[in-house]
Amino acid sequence: MDTLSHQEKAYISITSGLRELDLRGPAIPSNLVLIGDHAFPLAMNAQGQVLMAASLFGRGRMVVLGHESYLTTLPALVENALTWLRGDGSENPLVGIHQSCKPVADNLCRSVFQAQVLGGFNQDLGVGVYVVDAYSMAPDVKSLVEFLKAGGGLLIGGQAWHWAGQHPKENTLTAFPGNKVSSVAGIYFSEFPGEVDYLPVYPQIPTSWLAVVIGKDFKDDLEFLLQGVSELDISGGAIASEVLVHGPLAFPIGTTSDGRAFLAGAYYGQGRVIVTTHEGFMGRQELAPLWNNALRWLDEGRNGVFGIQPELGHAMALFSQTGVNCQMSGLSKDLSVYVCTTYSNKEAEDIQHFVAEGGGLLIGGHAWYWAQTHPGKNPMTDYEGNHILTKMGLTLLGSTVISGCYKVPDPDKACKDNFHFRHMLRRFASHVTQGEELTAHELVGLKKLGGDCASYLTMKAHHCPSYTQVLSTLTEIVMMSGMPQVCGSCPVSSPKDHLLLSIGAEIYKVCPNPDALLPYLVKDNPAMRVFYDYRIPIDVNTAGQLTQIDHIRPEWISTGLYLSPGMKTYMAFPAEIVNKEWHVQVGCQTDHLRHETLKRAPRVHERFPVTSEMMQVSNLWGGLLYMVAPPKTQVEGAVVMVQVAVPAPYYKFGVTTPADWALMRKSPAPWAELEFENIIFTVPTDAIRDLERPDEVAALWNKIMRGIADLAVVSYKFPRKERFVADVQISHGWMHAGYPIMMCSAVAPQMVNPEASGRKDLWGFIHELGHNQQRGCWEFQPNTTECTCNLWSVYVNEEVLGTNRAEAHPDLKPESRLSRLEEYVKGGRNLGSWSMWVALETYLQLQEAFGWAAFKKVFAAYHDMTNVPKDNKGKMNLYTKTFSMAVEQNLCAFFKAWGWPIEAATEEELSKLPPWTNHPMARYQ
């Protein structure tokens, strides 16, 4: 199968038969700047400077040589270029040659081409390719762009450094004659001279970390845009996205204090673009001075018409005050600047051509809400606005920036201070490859760079030379430095190690040869015994399952299989689950870590949507293999086939025999699972090596889970079994609730200890299970977040494990309870301090007076409630009424004694019930 991109095929064609390019001599070329998806280098020197390049625009092709003399001194290259430029399958021999390049015609006299020397471009002559120097095209710019767009080929030679020296106040990118044409295809003659040398012709498109550069310092642009502007106010309710500024000619304009951009600009072709990451900012009066400057920067002195998308009436109202000629309209060629949102890609190509051919674009919108409402989608590639912006070197991320008022950058050092992606990447590459020291400011920026690189790599834009350049640079960095072999006994905290751990897996997923990279990423990867052609039965019903936040979630289905780091396996799926929101997951550790000191990589699991009946899956870090069933689905009797995997210790209550377990627990896989009636434990295998009787652990936890269900008044058979996963490090706390409940590996042995009688070490586990039973309708956040979950801890300890509450937790000893209560009363019964243990005392007093049966009645009553108030005051009054009805007593006085905001209407409604007068708080009234 042909896997070469059109750029790779073009490179091979243009350099065919060439082994070297001798550029030594008096001619000093320009360093070329390349942007967009299509431009790629043909020749690159040892300093990473591009001296020759090629690209596409519309249906046409372009080759640019960094000095006009190369048109005659490199005849073999020129002939190859002309062959490629006239297009696949075309045999048109006519080549138009500008009279300034007449020696080229002399060189072609013995070739298949028919050269015609012209005083200027004339499309009527029917030439397929036109050759011109970078200084002679000024009269023909428009016709040359149209010729290229329609399918013509252009060969241009020239340099801009001499011109720039003669025009020190001009912007070379826009004013140099050659750039008025070459830029539409993403190739710019820069003001910087290139180093000449004897260059080998490589078999592939040349790359170098030195080529990861910013193509302009943008000082003059920022001075223009920020004139009279001291701060950028994005405070208020409008939540903005972050924009990744990754193009060589893209630059941040407004950033947060940690370098996250919310406003950025770029050069694209002959035109310019500014993106604001919330369209509401375009109508903000506080930003009027900025927009006044921005509109003039985009218009470039044309005094043309500004077309504003009809949805942006607020922008129309503000921009009209600046005196520019605004009109509500769609995109049209006669506009100078187009103003629109990022929420549609219907005009993406038209907008890109509009800007490339000289138009200005002001575009606004955010991607964070789209990312939240499209789980499993990649905003970098799937968000419609990025179909417009990414080619311009700007990409909206799914992350947000904090609202606030931010100082404008210093134009002299904005790109460095604001952690420009390319600047930071080049500096990090020089640090790794050449040992250059990083400043303290740059070390801080490495953390952001790691996240930016990880996001950038997810574009998987292998067709784009700028993407492959960055990927090549990152791959070289990892291979030179190696991945830190982080673990519990070998934690890492340096910015460099953070960055490497953030990007390692992303590089591995997208690099051309991941198997060759694997040894640099994972040093200890022993071979293990494997299963072949393993069958996974699928019987699942996920309809109607609820979690602690009343949202429907997917369910993990354990397979008992493990993939070692980098191990690949094919999986065959039944047609009934393909493209039905099913996923394969490799890895049980789903917490994303953001700690300063890391004991594992920040993200170590992978998910793959099931989109075909046969798929290959793997994970750099390895992990247990799961099927993930979507909500509201029912599948029975289906089978998934796994080509090859490592067997992991997997005990399933009622299925696994003692003999099976005796063999399983010896498996070398590092993870084990114990699945019981209503709960599944995932622990390091070391925790179960000596566990001979998992059935005794099952008996204990089956009883505990029935106790959980008893108090919650739900079925003994949970619609989705709870899960615990033990990890060397988790995102927060010692344990935290969720699916799965995460806990630190150190406590795993406690969980699988089969001794049930008299145990006092299970409080924390039950506390997290209690969190998963909490319901918003009877929760008063944040007061009761860490309180009502403990009702299950008390209940299970007393009713299931036989441990008195005073013994179950030291904070429940009578003297501690009394001390907290009296301190709360003395403090004025302020609900601001009614939380955790203080709040739990309220519920314990109710339980000690009315028993657990009252709580069960209350929880059962809430199961059927609708239209529950959203605010705490309303919910507290509802709880007062519900509990009073359950115990058939008026509890208003009790709750008021605790400082609850009981309303007169509640007291009136409950006045028919006998009052609870001898309640525990009466003594404090």
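Quantities reported herein were computed from a predicted structural model and do not represent experimental measurements. Side chains included, hydrogens not; waters and symmetry mates left out as well; all remaining heavy atoms used. Numbering starts at 1 and runs along the sequence shown.
Looking only at side-chain heavy atoms (C-beta outward), T276 and L287 stay at 4.5 Å or farther from each other. Using a 4.5 Å heavy-atom threshold, the side chains of V243 and L397 count as separate. Side chains of V196 and P29 form a contact here, defined as non-hydrogen atoms less than 4.5 Å apart. Using a 4.5 Å heavy-atom cutoff, the side chains of K447 and E596 are in contact. With a 4.5 Å cut-off on side-chain heavy atoms, M52 and Y70 count as touching. A heavy-atom distance below 4.5 Å is found between the side chains of T395 and M459. Contact annotation: the side chain of L446 approaches that of M424 to within less than 4.5 Å [non-hydrogen atoms, C-beta and beyond]. Put simply, the side chain of T342 does not reach to within 4.5 Å of the side chain of H366, judged on heavy atoms.
The minimum heavy-atom distance between Y343 and E279, with the atom names listed, is OH-OE1, 2.6 Å. Taking both residues in full, the closest heavy atoms of A266 and L394 are given as CB-CD1, 4.0 Å, listed atom of the first, atom of the second, then distance. The two residues I253 and G265 make their nearest non-hydrogen contact at CD1-N, 3.6 Å. Scanning all heavy atoms of the two residues, the minimum distance from A53 to L34 falls at CB-CD2, 3.6 Å. Residue F40 comes nearest to P465 through the heavy atom pair CB-CG, 3.4 Å, listed as atom of the first residue, atom of the second, then distance.
Between R427 and E437 there is no salt bridge, since no side-chain nitrogen of the basic residue lies less than 4.0 Å from a carboxylate oxygen of the acidic one. Ion pairing between R260 and D258 holds under the 4.0 Å rule for side-chain N and carboxylate O. A salt bridge does not link D197 with R24: every distance from a Lys NZ or Arg NE/NH1/NH2 to an Asp or Glu carboxylate oxygen is 4.0 Å or more.
Classified by interplanar angle (parallel below 30°, tilted 30° to 60°, perpendicular above 60°), the ring pair F281/H278 is tilted. The aromatic rings of H441 and F419 sit parallel, their planes meeting at an angle under 30°, below the 60° perpendicular limit. Taking the six-membered ring where the residue is Trp, H38 and H6 present tilted rings, their angle falling between 30° and 60°. Classified by interplanar angle (parallel below 30°, tilted 30° to 60°, perpendicular above 60°), the ring pair F176/W163 is perpendicular. Ring-plane geometry between F421 and Y456 is classed as tilted, the angle between the planes lying from 30 to 60 degrees on a 0 to 90 degree scale.
Judged purely by atom type and a 3.5 angstrom limit, Q49 uses its side chain to pair as donor or acceptor with the backbone of E195. The closest donor-acceptor contact from the side chain of R302 to the backbone of D299 lies under 3.5 Å. Between the W368 side chain and the I239 main chain, a donor and an acceptor come within less than 3.5 Å of each other. The backbone N or O of N345 sits less than 3.5 Å from a side-chain atom of E384, completing a donor-acceptor pair. The closest donor-acceptor contact from the side chain of S208 to the backbone of L210 lies under 3.5 Å. Not one N or O on the side chain of N31 forms a donor-acceptor pair closer than 3.5 Å with the backbone of E191. A donor-acceptor pair is defined here as one N or O able to donate and one able to accept, closer than 3.5 Å; no such pair exists between the side chain of D133 and the backbone of G158. Counting only distance, with no hydrogens or angles, the side chain of S472 and the backbone of T468 share no donor-acceptor pair below 3.5 Å.
Remark: of the listed residues Q270, K149, Q352, K149 is the sole one forming a side-chain hydrogen bond (donor to acceptor under 3.5 Å, both in side chains) with E357. Each of N513, L517, I503, V510 was checked for a side-chain contact (heavy atoms from CB on, under 4.5 Å) with T475, and the lone residue meeting it is L517.
Residue Y520 places its OH atom among 12 or fewer non-hydrogen atoms of other residues, nucleotides or ligands, all under 6.0 Å distant. Other residues, nucleotides and ligands place no more than 12 heavy atoms under 6.0 Å from the CD atom of E349. Crowding of E436 atom CD: a count of heavy atoms from other residues, nucleotides or ligands under 6.0 Å exceeding 12. Annotation: K448, atom NZ; neighbour count of heavy atoms from other residues, nucleotides and ligands within 6.0 Å is above 12. Within a 6.0 Å radius of CZ in F224, more than 12 heavy atoms belonging to other residues, nucleotides or ligands are found.
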Inset, instruction - Take H420 and F251 through the test ring-ring contact (aromatic ring centres under 6.0 Å, His included) and record every step on the way to the result. - result: CA-CA 7 Å; H420 191 290; F251 59 100; 8.7 Å; no
Inset, instruction - Would you sort out whether S455 and D452 count as a side chain to side chain donor-acceptor pair (under 3.5 Å), showing the intermediate values? - result: CA-CA 5 Å; S455 296; D452 287 348; 5.6 Å; no
Inset, instruction - Would you check, one step at a time, whether the test side chain to side chain donor-acceptor pair (under 3.5 Å) holds for D221 with Y267? - result: CA-CA 10 Å; D221 301 292; Y267 287 82; 2.4 Å; yes
Legend entry - Check against side chain to side chain donor-acceptor pair (under 3.5 Å), Q469 and T207: CA-CA 6 Å; Q469 174 69 72; T207 64; 4.7 Å; no
Inset, instruction - Take T473 and E476 through the side chain to side chain donor-acceptor pair (under 3.5 Å) test and state the conclusion after the steps. - result: CA-CA 5 Å; T473 298; E476 183 178 353; 5.8 Å; no
